[in-house]
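We name chains A, B, ... by the order of the sequence lines, and we start the count at 1 in each one. Heavy-atom basis, side chains included; hydrogens, waters and symmetry copies ignored.
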Number of protein chains: 2
Amino acid sequence: MEVELKALLDDLDVLEKSLSDPAPIHKLRSHVENLATISKSNPHKRSKVKELSSEVVDSNPYSRLMALQRMGIVENYERIREFSVAIVGIGGVGSVAAEMLTRCGIGRILLYDYDTVELANMNRLFFRPDQVGMTKTDAAVQTLAEINPDVVLESFTMNITTVQGFETFTSSLTNKSFCPSKEGSGVDLVLSCVDNYEARMAVNQACNELRQTWMESGVSEDAVSGHIQLLVPGETACFACAPPLVVASGIDERTLKREGVCAASLPTTMGVVAGLLVQNSLKFLLNFGEVSPYLGYNSLKDFFPTMKMRPNPQCSNVACLERQKEYMLAKPERDAAAKAKMEADASTAIDEGPLHDDNEWNISVVDDENEKDATKAASSSGIDTLPEGLTRELPDADEYEKEIAIASGSGETEEEDDLEDLKKQLEALNAA
Amino acid sequence: MEVELKALLDDLDVLEKSLSDPAPIHKLRSHVENLATISKSNPHKRSKVKELSSEVVDSNPYSRLMALQRMGIVENYERIREFSVAIVGIGGVGSVAAEMLTRCGIGRILLYDYDTVELANMNRLFFRPDQVGMTKTDAAVQTLAEINPDVVLESFTMNITTVQGFETFTSSLTNKSFCPSKEGSGVDLVLSCVDNYEARMAVNQACNELRQTWMESGVSEDAVSGHIQLLVPGETACFACAPPLVVASGIDERTLKREGVCAASLPTTMGVVAGLLVQNSLKFLLNFGEVSPYLGYNSLKDFFPTMKMRPNPQCSNVACLERQKEYMLAKPERDAAAKAKMEADASTAIDEGPLHDDNEWNISVVDDENEKDATKAASSSGIDTLPEGLTRELPDADEYEKEIAIASGSGETEEEDDLEDLKKQLEALNAA
């Protein structure tokens, strides 16, 4: 618009010089000036900021976020600018998650979707009727860039379940140009906000291969419940460790969809799930509160089930089994690191107080497997750890370990984390 | 913009006729045509619809909502167009609540706020940087009207805590021109999304006076927890029945705020609270699921406490005491209505099966006070019904009733809802 207005004014100048009476040109010029005023009064964009400021003034878009530091919730909020988050699926949950992260001032967002905006999407937050016909990625970038120009946005208009799409997906996740010093892949977290099993399995495959922590989200077809789940390859269940019923029983979900029938959706349920998902992401990235391994939302009863899911040693995903093996093999290292951290913390605590040579408070290192044992005890004593409405489709890790123990003739009382047992678990994984 | 472009073209036509060489005019005209194209490519608005359609086509903005009927969640979704909801406070929670209701196709929204949009609000959903400087009500109407032109929007740019503002507030709530046949006030629900005690007390006062059901919402100053609460005058606790500590101990909250210090806020917490609030509103209006009387959100632990709060017979709010009295006096009427409904349901059930003269399944009417007694029993047996982190500032109704019972020399075993007891409770209310 500005370019056209400038060209118009330049041409008027040229024309004015060739005329004897400049009056009509003056009139034309005033129209153009009015147009310029009108066009400027619209997109009053905010400029980028170099550093997050905690100054309490109306013009600071980060004052309310930096206040999290002063209130003792987050130790270092500014770190948020170093993080990259990939969001797969820019629908009712993904678009709102992207907007929340954008408003929080996240460093970089990678957006993946192949769909276009339709009027039928207007019953959920984010997209506007004037964006109908645009790709969801383009529309999202348009809106997000206007909201916060500090966030680096990269969009991928493609289907990650195709061979080509999957390759582009994994290579985009491993691109480290945004933060070259970072360990691991090029992103800190992947958020799955897709609406079908195939796409979830593609995200699962990519994250298992790349040792990438991710979070899954979903909303039921009747629009009144949803969930979020944290997946750490090798450490927690992967998406293939406990597949949903429809797949476990061998039915292709596409055959379940009927012509002319669409799933219901509500801006409320999707907004809540997006909020819980990004809240969990912020806790994970900025290291505050407790990151939930699984959180359900039953809106009819306002019931929020939580649970932990350990990996399935019989998982059909080969990359998951490799990550499980790595996680088991790294146990001594993790224990040593935990012990070192514990000792460092203890010595810091001692340094702060009066100096003593001995360990005055008898601080000892607690094995992090104790918690697992406690869960096992609860499980074997008949308490089912799955919340109401959830059933297991495959035997869980406890059952599997029990079978091995029985087969090898050893009792249940055997120390779980001794070398012998570790070896057996590894053998089972190798055999799978 | 269109008017200016048209004037520019007309003046070019006039100028062209006076010139010997029309070439420069042709060039100018092409610039203007480009400008017209650019300006038109922006606001592609959707037109209003007469009736909500459940047709599954991409161009139907209501298909995913009407699907709630087909899925058996909501009996009659179309009723949503008859409802009016007032939203007080268009900040981080109120604006998102308004957007959700707008996307759901609610009939009418009344918006109240006196504040203007600042860059410092950009860390929450809804407002855009180009709206900085506008009043929140104007900016909200701009965005909401674009999203869904079917919703009737009425905005009130004023402070409801002033004498004049309070009068305008109550008279706007009682205006029945939108749906003249409706019983009660002119709105179906009031949502309080304000950030201070004074404004909450103003909403409480208006709703107690007008017998208006409302829902309260709030987010903590450290941005990591929030709540929603249903308030039915006379039936549940009003906002003055259990005032927060800071007021109970006589400190004006304004003295607690320090210069240059602002509360923290997060788009996640506010988005979740807005989602829970509107979900509860939809359940209340469209009659599905269970409406939560109170739902808390502790985001650090993903803990969601619920509870019920009955009115305080010692409440300082005179209108609340009047509503409590009315509610108690209407008990025989409620019981009769419940009995009639039960019998009607039972006879329908019998009509559907084979005809019998007798009551084959021994269907009997259950007194709706039984639940209350159960709660009382739990309370008197030492189980505190308040969830973790919440303390009572005033004695609750149970304690109060116990005191009366002791004073009158009768034991705790006395039937609560007999005439004698009812009379005593009324006397206590009259004395307050």
Side-chain angles (χ1 to χ4, degrees), chain A residues 1 4 7-8 11 15 24 27-28 31 34-35 38 43-46 56 58-61 63-65 67-68 71 73 99-100 103-104 118-120 122-123 125 128-130 146-147 222-224 260-262 264-265 267-268 271-272 275-276 278-279 289-290 292 295 299-302 304 306, chain B residues 1 4 7-8 11 15 24 27-28 31 34-35 38 43-46 56 58-61 63-65 67-68 71 73 99-100 103-104 118-120 122-123 125 128-130 146-147 222-224 260-262 264-265 267-268 271-272 275-276 278-279 289-290 292 295 299-302 304 306:
Chain A
M1 189 124 244
E4 280 299 326
L8 195 56
D11 287 347
L15 187 62
K27 203 177 165 192
L28 286 168
H31 284 309
N34 285 345
L35 283 169
I38 293 168
H44 146 153
K45 286 182 183 167
R46 88 157 170 85
V56 181
D58 289 342
S59 58
N60 179 5
S63 58
R64 263 69 159 173
L65 294 164
L68 291 164
M71 299 227 167
I73 301 292
E99 179 170 348
M100 287 174 171
R103 291 186 182 265
C104 283
E118 305 291 352
L119 271 184
M122 293 306 135
N123 68 320
L125 297 181
R128 306 185 305 261
D130 66 89
E146 200 184 273
I147 289 171
D222 64 4
V224 286
V261 172
C262 68
S265 59
T268 44
V272 169
L276 297 175
V278 176
Q279 196 85 289
E290 290 167 21
S292 283
L295 178 61
S299 77
L300 294 182
K301 292 176 179 250
D302 282 331
F304 300 81
T306 56
Chain B
M1 187 125 242
E4 280 297 327
L8 195 55
D11 287 347
L15 187 61
K27 202 175 166 194
L28 286 169
H31 284 309
N34 286 345
L35 283 170
I38 294 169
H44 148 150
K45 285 181 185 168
R46 90 157 168 87
V56 181
D58 288 343
S59 57
N60 179 6
S63 58
R64 264 70 159 170
L65 295 164
L68 290 165
M71 300 226 164
I73 301 294
E99 180 170 347
M100 287 173 171
R103 292 186 182 266
C104 284
E118 306 291 352
L119 272 184
M122 293 305 136
N123 69 319
L125 298 180
R128 306 185 306 261
D130 66 89
E146 200 184 273
I147 289 171
D222 63 4
V224 287
V261 171
C262 68
S265 59
T268 44
V272 169
L276 298 175
V278 177
Q279 196 85 289
E290 290 168 21
S292 283
L295 179 61
S299 78
L300 294 183
K301 293 177 178 248
D302 282 332
F304 300 80
T306 55

Quiz item: Tell me, side chain or backbone of A:Leu15 under 4.5 Å from chain B's heavy atoms, or both, or neither?
Solution: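 For A:Leu15, side-chain heavy atoms alone lie under 4.5 Å from chain B.
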Exercise. Let me know if A:Asp58 has heavy atoms under 4.5 Å from chain B in its side chain, its backbone, both or neither.
Key: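 Answer is both: backbone and side chain atoms of A:Asp58 are under 4.5 Å from chain B.
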Taking all atoms of both residues into account, what is the closest heavy-atom pair of [X] and [Y], and its distance?
X        : Y        : value
B:Met100 : A:Gly271 : CE-CA, 4.2 Å
B:Ala223 : A:Leu68  : CB-CD2, 3.9 Å
B:Cys262 : A:Met71  : O-CE, 3.9 Å
A:Leu125 : B:Arg103 : CA-NE, 3.5 Å

Quiz item: Below 4.5 Å, heavy atoms only, C-beta onward: do A:Gln279 and B:Val272 meet side chain to side chain?
Solution: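 The answer is no; the side chains never approach within 4.5 Å.
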Quiz item: Is there side-chain contact between B:Asp11 and A:His31, with heavy atoms separated by less than 4.5 Å?
Solution: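 Yes, side chains in contact.
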Quiz item: What option among A:Glu290, A:Arg64, A:Glu99 has the most heavy-atom pairs under 4.5 Å with chain B?
Solution: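 Of A:Glu290, A:Arg64, A:Glu99, A:Arg64 has the most heavy-atom pairs under 4.5 Å with chain B.
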Practice problem: Check each atom of B:Asn123 against the heavy atoms of chain A and say whether the ones under 4.5 Å are side chain, backbone, both or neither. | Solution: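 Both backbone and side chain.
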Practice problem: For A:Ser292, enumerate each residue passing the side-chain contact (heavy atoms from CB on, under 4.5 Å) test, keeping only those at least two apart in sequence or located in another chain. | Solution: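 Expected list: A:Asn280, A:Leu295, B:Asp302.
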Quiz item: Out of B:Ser59, B:Ala120, B:Gly289, B:Ser299, which one racks up the most heavy-atom pairs below 4.5 Å with chain A?
Solution: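 The residue among B:Ser59, B:Ala120, B:Gly289, B:Ser299 with the greatest pair count is B:Ala120.
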Exercise. Measure the spacing between CE of B:Met122 and CD1 of A:Ile147 and express it to the nearest 0.5 Å.
Key: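 Atom-to-atom, B:Met122:CE and A:Ile147:CD1 are 8.5 Å apart.
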